[in-house]
Amino acid sequence: IRAMAITRDAKYLATISDAEIQKVCIWKWTLAVETPACTLDLPKEYGFQNYLTFNPTSNKELVSNSKTQVIYYMWYEDGDILAHSAPLLTEKTFNKLVGKFSQSVFHLNLTQILSATMEGKLVVWDICRPPSSVSISSGFPHIKPCKLVHLQKDGITVLTTVDSYIVTGDIRGNIKFYDHTLSIVNWYSHFKLSCIKSLSFSKMPSTPPTEDTNYLPDFTLKGDLFVVRNFIIGTSDASVYHLTADGTKLEKLFVEPKDAICAISCHPYQPFIAIGSFCGMIKVWDYEKKKYLFSRVFEKGLGVQSLTYNPEGALLGAGFTEGTVYILDAMSLESEIPEPFKYSRTSVTLISFSHDSQYMATADVSFTVAVYVVRVRSGQRVWEYLARLRSHRKSIRSVLFGVHLDSNEPRLLSLGRDRLLIEYNLLKSYKDHLEVLDIHRTDQGNYPTCMVWYPPLWIQNLHLRPSAANDLKP
């Protein structure tokens with residue numbers, strides 16, 4: 001489903017499918033039926049319709065739009081007919097640039113439709129309805145463009161109505177209120193929000209002004225108090241705000257990742273899950289209570305690519321798209337090191353801690369393994385860079401720590417798409433030198449994708465030294 005709308009009385013639901021040939025359906029959803037009351041297939045030339053709304057005073061009229069086409073619908077319930085009107089609008093219609101459509105709504109006067117564009121303009125459509133006494137066969141309602149209004153400089157991304165106002169949100173984060181003649185009444189521009197994506201007004205009417213209220217004056221010559229319902233704001237950076245009109249108080253409700261989620265790590269013994277996004281956000285949730293706990297947004301340009309808790313669950317290693325590595329406190333996401341490590345030139349795709357949390361290893365897109373170690377300096381444990389090695393010829397699929405059974409010392413192995421399983425000698429490694437202990441070819445034909453320790457099985461055929469009998473199954 002690409003777009004949907006519901007009537008004000010909640011009796012009917014309208015949907016537009018996400019298929020190549022979009023289908024508009026109206027559903028009598030309160031009845032026990034599995035099929036829509038009526039359907040309409042939209043021609044491809046109408047463009048991809050991505051917005052839909054009902055006439056607030058009628059369950060029979062709808063409007064939708066793509067970037068290039070506005071469609072008006074009339075539903076005849078008796079015959080389950082969904083008639084539509086989609087006049088073509090070009091630059092020649094008004095001899096001016098119109099721009100790409102964003103959203104359309106029914107005008108407050110209910111005889112017109114307004115369509116906002118990314119050029120900051122409004123297209124005004126007249127709705128031509130035949131008299132109710134005329135039969136369907138004599139003609140369906142239709143719309144025709146009558147006016148192009150250059151409302152503002154910035155592209156309009158949201159268009160809606162509330163009470164006696166027509167409301168817009170734009171690409172610069174401004175929210176503006178107009179009266180029915182499209183004269184500006186008030187606006188919010190000082191919040192410095194990102195592009196407005198949605199506006200949702202409270203169902204509760206605004207509180208009438210009294211001596212105790214603190215409504216601001218509007219921007220008309222009369223300077224009346226600007227009384228409007230409280231509303232929710234959604235922005236392009238995945239933030240959601242609540243604005244209280246009385247006193248003009250803006251409260252940030254929550255922030256979600258605005259880009260792809262690239263990393264997930266579960267806490268070793270608590271029901272916590274850390275989620276890292278390409279936009280540089282790490283959020284931690286309690287997955288049993290389904291409750292958000294805390295988050296951190298890193299500076300612009302730092303996209304989270306990998307996350308791993310250490311075995312005790314006290315630390316969280318984070319690798320970023322431009323090669324930076326952070327070691328964070330798992331309960332606060334504050335940095336455990338004065339400055340992040342920056343020894344990789346490319347995205348850090350894998351992170352792993354040793355069983356005793358004395359070592360941390362990373363792998364990056366440049367087929368390089370890097371190792372970090374805990375040292376005691378001035379009586380304090382500090383993390384330091386040890387060494388790195390471009391040990392593979394193709395992408396590294398796994399970096400895994402194990403344990404030497406005879407000494408309880410950590411073992412480090414990496415597995416690459418080059419079919420090489422490589423073990424490193426951590427005891428003989430030193431600053432800027434990562435010693436290789438053994439190299440084993442895993443297969444002649446297939447590409448390995450991951451590896452994990454299988455505790456009950458000790459295999460002897462990986463050509464490793466005898467003390468390394470506790471091997472892994474790739």
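Here, residue 1 is the first one in the sequence, and each next residue gets the next number.
A salt bridge links Arg172 with Asp154: the closest approach of a Lys/Arg side-chain nitrogen to an acidic carboxylate oxygen falls below 4.0 angstrom. A salt bridge is defined here as a Lys NZ or Arg NE, NH1 or NH2 lying under 4.0 Å from an Asp or Glu carboxylate O, and Lys283 with Glu256 meets this definition. Using a 4.0 Å cut-off between charged side-chain N and carboxylate O, Lys100 and Glu119 make no salt bridge. Residues Arg388 and Asp432 are not paired through a salt bridge, judged by the lack of any N-O separation under 4.0 Å between the basic side chain and the carboxylate.
Legend: ring pair (Phe, Tyr, Trp, His ring centres under 6.0 Å) pairs involving residues 303-329, not counting sequence neighbours, sorted by first then second residue: His267-Tyr309, Phe298-Phe320, Phe298-Tyr326, Phe320-Tyr326. Residue pairs meeting the salt bridge (charged side-chain N to carboxylate O under 4.0 Å, His left out) criterion with at least one partner in residues 22-44, sequence neighbours excluded, are Glu20-Lys44, Lys23-Asp41, Lys28-Glu77. Note on residues 359-380: pairs passing ring pair (Phe, Tyr, Trp, His ring centres under 6.0 Å), not counting sequence neighbours, are Phe341-Tyr372, Tyr372-Tyr385.
Using a 4.5 Å heavy-atom cutoff, the side chains of Met360 and Ser354 are not in contact.
Scanning both residues, Ala10 and Thr30, for their nearest heavy atoms gives O-CG2, 4.1 Å. Listed here is the closest heavy atom pair of Val105 and Thr53: CA-CG2, 4.4 Å. Residues Phe231 and Ile175 share a closest heavy-atom pair of CE1-CD1, 3.9 Å. Scanning both residues, Val70 and Ser115, for their nearest heavy atoms gives CG2-OG, 3.3 Å. Listed here is the closest heavy atom pair of Phe101 and Ser66: CB-O, 3.2 Å.
Residue Lys11 places its NZ atom among 12 or fewer non-hydrogen atoms of other residues, nucleotides or ligands, all under 6.0 Å distant.
Not counting sequence neighbours, Phe278 has no partner by the ring-ring contact (aromatic ring centres under 6.0 Å, His included) test. With sequence neighbours excluded, no residue forms a ring-ring contact (aromatic ring centres under 6.0 Å, His included) with Phe401. Taking the ring-ring contact (aromatic ring centres under 6.0 Å, His included) definition, one finds that Phe219 meets it with Trp187, sequence neighbours left out.
For the pairing with Tyr178, the side chain to side chain contact (heavy atoms under 4.5 Å, CB included) check across Val185, Leu114, Thr168 returns one residue only, Thr168.
When only modelled atom types and interatomic distance are considered, Ser366 and Thr346 share a side-chain donor-acceptor pair under 3.5 Å. Side-chain atoms of Ser357 and Glu312 form a donor-acceptor pair, as typed in the model, at a separation below 3.5 Å.
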